[in-house]
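Data block below; observations after.
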Amino acid sequence: MVKLLSENIKDEIFDLFESSEKEINIISPFIGIQTAKEIVKIIKEKNINVTLITRFNRSDFYSKASSLEALNLLSDNNVKILAVKKLHTKLYIIDTDSMILGSSNFTTGGFLTNIELNVLFQNKNNDCNEIIGTGIAYFNEFKTNIPNDYVVTKERILNEIEILKTIPRQKEITRFDERFNFGFEFENLSKVISRPDMIESCFSENLITNSTAWLKFEGFSDERRKKGDTIIEKELEEGKYKTYFATKPSGFKTGDLVFLGVASYNLENKPTIMIYGYGTVKQWQKNQIASQEEKNKNPDRNRWPYYIYFENIKYIHDEACKCIPISDLYENIGADAFPNSVGTNRDVHGMHYQREKLRITDKAKNYLLSELSKRNCI
């Protein structure tokens, strides 16, 4: 499968990162602190290996194009960091079945604010096996040929931080001499990507569009809806529903279809997520955040201040335990429920753990619409 990524890049890439089972390999000249913080969360939760190949240029750090703070954080979390001079490649490889190649650096600008274009290759039914294998070979060509002398150590990072503190901030300083740059310089890196026909064969008949359906999870594991508890809430009845997030939500567009799930119990009294209804995103704006008055009335709004309005709400007018267990979605649709696992044998039963939202495929969307229609979802 091949997919162009020109929007929702951060969501797409971090969804893939979170689906990783073994390792993530990154080549990016610039590194940002926010993206570093987010991948560290994944490293801690999933205990995966991450290798980063980047630049270590004083000019980049002085101009804040790249962040020493980010490198320090990654180093503290066992990310192996290798430095290469004149690096311009941007490449992300997740395990051995997904690869992103394009213009995005591992920064907030590269993932959110800049105009970027990337290509996602996923090995569905072995349709991109060769091109992903070539990308892995390209990465390994770097990794195995960079001497250990060019591993970026914590000592080197801290030393560079101290040096930069002594340099005054002056507009006329735009670039430092090359001798202040650290990194291995390849004289003749072999061109492992030598067959453009591989890329053409991946694109043919495989280009897909972004899904516009989501799962949104609500509630707390220690405050689950119990048997007898209904879904009905005042906001739902009035059709002016909004759902909240801990961090500013990205990826949503006006008109996107969102299925709502709540922490509850199924009919066997087992704790799970129960999907109870859906609606469409109404006038999505990035500045939708709870007011201080709302936070004073409801302390939860301090932890989950960001929100999205929904319209055209339909929900099951019954007990939460009679809604759709998320396990039904997993058992009937399996890995095809999520864009980053379509066509694989990946076990997706834990995909929703510690997540506020998940993008789902059209196949998952149609399944949920069908099941909700059978359960008095009006």
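Judged purely by atom type and a 3.5 angstrom limit, N114 uses its side chain to pair as donor or acceptor with the backbone of G109. In this structure, the side chain of K80 does not engage the main chain of L52 through any donor-acceptor pair within 3.5 Å. Listed for the S98 side chain is no donor-acceptor partner under 3.5 Å among the backbone atoms of I94. The backbone N or O of P29 sits less than 3.5 Å from a side-chain atom of T54, completing a donor-acceptor pair. In this structure a side-chain-to-backbone donor-acceptor pair under 3.5 Å is missing from S66 to F30.
Between E294 and Y244, the closest heavy-atom pair is OE2-OH, 3.7 Å. Taking both residues in full, the closest heavy atoms of K253 and V281 are given as O-CB, 3.4 Å, listed atom of the first, atom of the second, then distance. Counting all heavy atoms, side chain and backbone alike, L329 lies closest to A364 at CD1-CB, 3.9 Å.
Aromatic ring pairs are classed by plane angle as parallel below 30°, tilted from 30° to 60° and perpendicular above 60°; the pair F106 and Y92 is tilted.
Checked against F111 for a side-chain contact (heavy atoms from CB on, under 4.5 Å), the options D11, L5, I13 give a single hit: I13.
With hydrogens and angles left out, the side-chain atoms of N181 and K85 include no donor and acceptor closer than 3.5 Å. Side chains of Y309 and T243: a donor-acceptor N/O pair is absent below 3.5 angstrom, by distance only. Under 3.5 Å, the side chains of T272 and N266 contain no donor-acceptor pair of N or O atoms.
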**OP:** Evaluate the salt bridge (charged side-chain N to carboxylate O under 4.0 Å, His left out) criterion for residues K297 and E293: first the C-alpha distance (whole Å), next the side-chain angles of each, then the deciding distance (0.1 Å), finally the verdict.
**Re:** CA-CA 6 Å; K297 288 181 179 179; E293 183 180 357; 3.5 Å; yes
Original post:
Please walk me through it: do K363 and D336 pass salt bridge (charged side-chain N to carboxylate O under 4.0 Å, His left out)?
Top reply: CA-CA 7 Å; K363 188 173 182 179; D336 287 350; 3.4 Å; yes
Subject >> Worked check of ring-ring contact (aromatic ring centres under 6.0 Å, His included) between F139 and F142 >> reply: CA-CA 5 Å; F139 184 89; F142 273 101; 7.7 Å; no
**OP:** Check the pair W214, F252 against ring-ring contact (aromatic ring centres under 6.0 Å, His included), reporting the backbone distance first and the verdict last.
**Re:** CA-CA 9 Å; W214 303 80; F252 291 102; 4.5 Å; yes
**OP:** List the steps, then state whether ring-ring contact (aromatic ring centres under 6.0 Å, His included) holds for Y315 with Y276.
**Re:** CA-CA 6 Å; Y315 63 97; Y276 66 85; 7.3 Å; no
**OP:** Please step through side chain to side chain donor-acceptor pair (under 3.5 Å) for the pair Q292 and N296, ending with a clear verdict.
**Re:** CA-CA 6 Å; Q292 190 57 52; N296 292 338; 3.1 Å; yes
Subject >> side chain to side chain donor-acceptor pair (under 3.5 Å) between S103 and E116, worked out >> reply: CA-CA 6 Å; S103 64; E116 308 278 0; 2.5 Å; yes
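Between E160 and R156 no salt bridge is recorded (no basic side-chain N to carboxylate O distance below 4.0 Å). K41 and E45 are not joined by a salt bridge, as no carboxylate oxygen comes within less than 4.0 angstrom of a charged side-chain nitrogen. One finds no salt bridge joining E21 and K46 here, because no Lys/Arg side-chain nitrogen approaches an Asp/Glu carboxylate oxygen to under 4.0 Å.
Going from atom CG of L16 over to atom CD1 of I42 covers 10.0 Å, rounded to the nearest 0.5 Å.
Centroid-to-centroid, the aromatic rings of Y150 and F184 come within less than 6.0 Å.
A cation-pi arrangement is absent between K3 and F121 under the rule of less than 6.0 angstrom and at most 45 degrees off the ring axis.
Using a 4.5 Å heavy-atom threshold, the side chains of E38 and F14 count as touching.
Sorted by first then second residue, the side chain to side chain donor-acceptor pair (under 3.5 Å) pairs that include residues 320-334, not counting sequence neighbours, are Y330-H352, N332-Y367.
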